[in-house]
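The next block holds one structure in the form of structure tokens; read it before the comments.
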There are 2 protein chains.
Amino acid sequence: MPTPERTSLAEIVLAGQELLEDGGPSGLTMQSVAERVGVRAPSLYKRVRDREALVSAVAAATLDDLTARLEASDGSLEGLARAYRAFAHDRPEGFRLVFTSAPPREALDRSSAAILRSVRPFVDEEHALEAARLVTAWATGFLQMELAGAFRLGGDLDDAFAFGLATLRRGLERH
Amino acid sequence: MPTPERTSLAEIVLAGQELLEDGGPSGLTMQSVAERVGVRAPSLYKRVRDREALVSAVAAATLDDLTARLEASDGSLEGLARAYRAFAHDRPEGFRLVFTSAPPREALDRSSAAILRSVRPFVDEEHALEAARLVTAWATGFLQMELAGAFRLGGDLDDAFAFGLATLRRGLERH
DNA sequence: ACCTGAACACCGTTCAAGT
DNA sequence: ACCTGAACACCGTTCAAGT
């Protein structure tokens, strides 16, 4: 006699994203997720292999959210960078998680495409991938350090971000 | 009647660094550290407040190790970048930890000084801090993504690293 | 002064039993 | 087919008792 489904993978992953943002990685427990979706912890194992798989699914979903924001930007390098930084400020825990896990290939591809498009005006096709990697690495590193509070020598961070972006653009243009 | 000390904070932190590198963050448990230094887990609480404090101490010690390597490089921007990348490849788990925790102020200052020195030839004093932040953010982001396996669109990573460095230098020189 | 065993709370995970 | 309570292993942490 089948029991009706009381939750779903999508609901579980969403609960995971919320709990992560509220309480950091250690707040994302199987028990807290189960409670939030209205089920007991052992039931989660019907939908996810283990906690690690759940965390990976949360990371992948968060990367998809980030990609949607990038795609909704105006497509310019500056617009993309602004959208990227706004997302990191909105969802610091999710942002951190995305870049400490190895997201699935296709989630990565979609976000890469948006970044590649934004650097095309500055470099020839042959160097587009390297240029995209440069911009992504800089923005990601900057935001991770900003979120971790690693910039402690004073100075305005908005200015530092703008300086970095302008310098990158200059270096790419002169290629 | 005093009991002789059977371990020390330094020994505990070193054991933590080794266990982290061997088994990742989840391999760094109070029990495994205690076993390695030849003591029972409760004894660790004589030297560290709790696990979180131990992890912070491990991060600080690892940042000191990284700084020593930077200071041992030839001081050029390229030499510094090479030393930075070599450290990340040697000690991936430690490298990751350093940039996901908030290291103590003075540990940060020493590594900042080495980076500031390496960018001085390219920018005027007014922009030295922003230039150092640009270089650090790029290198850190690149290495974190490389370690996380986030570069999956092919292409040579050595080339991408060299391209990034050359582009940064070009952008800074034209400032 | 430092070290330990015992104990507690909490977490991830498995599984037999329920519907 | 899905859900649950019970159970187990493991971890962080406290504390009274030992030397």
Side-chain angles (χ1 to χ4, degrees), chain A residues 1-62 93-94 96-97 100-103, chain B residues 1-62 93-94 96-97 100-103:
Chain A
M1 195 64 79
T3 301
E5 308 191 349
R6 260 165 242 182
T7 183
S8 66
L9 179 58
E11 197 189 10
I12 288 168
V13 170
L14 185 62
Q17 288 184 284
E18 294 167 352
L19 286 162
L20 175 70
E21 223 46 71
D22 284 357
S26 70
L28 173 46
T29 69
M30 298 301 276
Q31 324 231 14
S32 63
V33 170
E35 186 177 11
R36 183 167 285 230
V37 303
V39 101
R40 300 291 180 164
S43 299
L44 298 179
Y45 292 83
K46 283 280 153 184
R47 330 249 178 211
V48 297
R49 192 165 30 83
D50 53 20
R51 181 176 182 275
E52 196 181 318
L54 172 55
V55 172
S56 293
V58 167
T62 305
E93 294 293 344
R96 252 192 285 263
L97 176 62
T100 51
S101 69
Chain B
M1 196 66 80
T3 301
E5 307 190 348
R6 260 166 242 182
T7 184
S8 66
L9 180 58
E11 197 189 11
I12 288 169
V13 171
L14 185 62
Q17 289 184 282
E18 293 167 352
L19 286 162
L20 175 69
E21 223 48 70
D22 285 357
S26 69
L28 173 46
T29 69
M30 298 301 276
Q31 323 233 14
S32 63
V33 170
E35 187 178 9
R36 183 167 285 230
V37 303
V39 101
R40 300 289 181 164
S43 299
L44 297 178
Y45 292 83
K46 283 281 152 181
R47 329 251 178 208
V48 297
R49 192 165 31 81
D50 53 19
R51 182 177 182 275
E52 195 181 319
L54 172 55
V55 171
S56 293
V58 167
T62 305
E93 293 294 344
R96 251 192 285 262
L97 176 63
T100 50
S101 69

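We name chains A, B, ... by the order of the sequence lines, and we start the count at 1 in each one.
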d(A:Thr29 OG1, A:Glu35 CD) to nearest 0.5 Å is 8.5 Å
Would you mind reading off the distance between B:Arg40 atom CZ and C:dG5 atom C1', rounded to a whole angstrom?
9 Å
Hey, mind stepping through A:Leu28 and A:Arg51 against side chain to side chain contact (heavy atoms under 4.5 Å, CB included) and telling me if it holds?
CA-CA 9 Å; A:Leu28 173 46; A:Arg51 181 176 182 275; 4.3 Å; yes
Nearest to the side chain of A:Thr29, which nucleotide is it out of D:dT13, D:dT4, C:dC11?
C:dC11
Spacing between A:Glu5 atom CD and D:dT4 atom C1', to the nearest angstrom:
17 Å
In whole angstrom, what separates B:Leu9's CG from C:dC2's P?
12 Å
Given 3.5 Å as the limit, does a donor-acceptor pair link the side chain of A:Ser32 with the main chain of A:Gly27, or not?
yes
Taking a pair as Watson-Crick (N1 to N3 plus N6-O4 or O6-N4) or G-U wobble (N1-O2 and O6-N3), both under 3.5 Å, which stems of 3 or more consecutive pairs involve DNA chain C?
C:4-8 with D:12-16, C:12-16 with D:4-8
Closest to the side chain of A:Val39, out of D:dG5, C:dG5, D:dC3, is D:dC3
Please state how far atom CZ in B:Arg6 lies from atom C1' in C:dT4, giving the value in whole angstrom units.
9 Å
Would you mind reading off the distance between B:Leu28 atom CG and D:dC10 atom C1', rounded to a whole angstrom?
15 Å
Which of residues 43-59 of chain B have a heavy atom under 4.0 Å from DNA chain C?
B:Ser43, B:Lys46, B:Arg47
Interatomic spacing from CG in A:Leu19 to CD in A:Gln31 - rounded to 0.5 Å
12.0 Å
Paired with B:Val48, the side chain to side chain contact (heavy atoms under 4.5 Å, CB included) test is passed by just one of B:Val13, B:Leu9, B:Val55, namely B:Leu9
Side-chain contact, heavy-atom cut-off 4.5 Å: A:Glu11 with A:Arg47?
no
Distance, nearest 0.5 Å, that separates OG1 of A:Thr62 from CZ of A:Arg96:
13.0 Å
Test your reading of the model: is there a side-chain donor-acceptor pair from B:Glu93 to the backbone of B:Asp22, 3.5 Å cut-off?
no
Out of curiosity, A:Arg49 CZ to A:Ser56 OG, how far, rounded to the nearest 0.5 Å?
8.0 Å
B:Met30 has an atom CE; how far is it from atom P of C:dC10, in whole Å?
19 Å
